[in-house]
Q: 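Structure incoming, see below.
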Amino acid sequence: VKGKFFSDFSMIIYNGSGNVVFTSADAATGWDGTFNGERMPAGAYAYLITVKTTGGAEKRRTGTVTLLR
């Protein structure tokens with residue numbers, strides 16, 4: 001959802017080995033816990049979210065999300 005606060009959005013989720021398991025350029029689209037149609041195992045996954053504000057500044061946020069099954 002590109003709105004009044006940012007013009008560009010990117011989200012990348014990585015598994016424990018550092019491989020990309022999900023990418024999205026749409027803030028309204030979340031990760032469903034799968035990769036190539038296969039359910040990923042429970043555990044911690046790293047994320048990187050990058051947005052460009054309407055003022056032109058780039059903001060990055062990193063962290064982890066825990067997938068529960």
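For the numbers below, each heavy atom of this structure counts, side chains included, while hydrogens, waters and symmetry mates do not. Because the structure is a prediction, the values reported are computed rather than measured. The first residue in the sequence is number 1, and the count goes up from there.
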Q: Atom CD1 of I12 and atom OG1 of T50: how far apart are they, to the nearest 0.5 Å?
A: 6.5 Å
Q: Given the rule that I, L, V, M, F, W and Y join up when any side-chain heavy atoms are under 4.5 Å apart, are L67 and I49 in one cluster?
A: yes
Q: Check whether any side-chain heavy atom of F22 sits under 4.5 Å from a side-chain heavy atom of T29, and report yes or no.
A: yes
Q: What pairs meet the salt bridge (Lys or Arg N to Asp or Glu O under 4.0 Å) rule with one or both residues in residues 31-43, with sequence neighbours excluded?
A: none
Q: Looking at CG of N19 and CD1 of I13, how far apart are the two atoms once the value is rounded to the nearest 0.5 Å?
A: 14.0 Å
Q: Please round to the nearest 0.5 Å and tell me the distance separating atom CG of D8 and atom OG1 of T54.
A: 11.0 Å
Q: Y45 and W31: ring-ring contact (aromatic ring centres under 6.0 Å, His included), yes or no, with the steps?
A: CA-CA 11 Å; Y45 292 81; W31 181 44; 5.0 Å; yes
Q: Got a sec, which pairs hit salt bridge (Lys or Arg N to Asp or Glu O under 4.0 Å) with one end in residues 60-69, sequence neighbours left out?
A: E58-R60
Q: Do the side chains of Y47 and V51 join up, straight or via other hydrophobic residues, at under 4.5 Å, putting them in one cluster?
A: yes
Q: Look at the side-chain heavy atoms of Ile, Leu, Val, Met, Phe, Trp and Tyr, link any pair under 4.5 Å apart, and say whether V65 and F35 land in one connected group.
A: yes
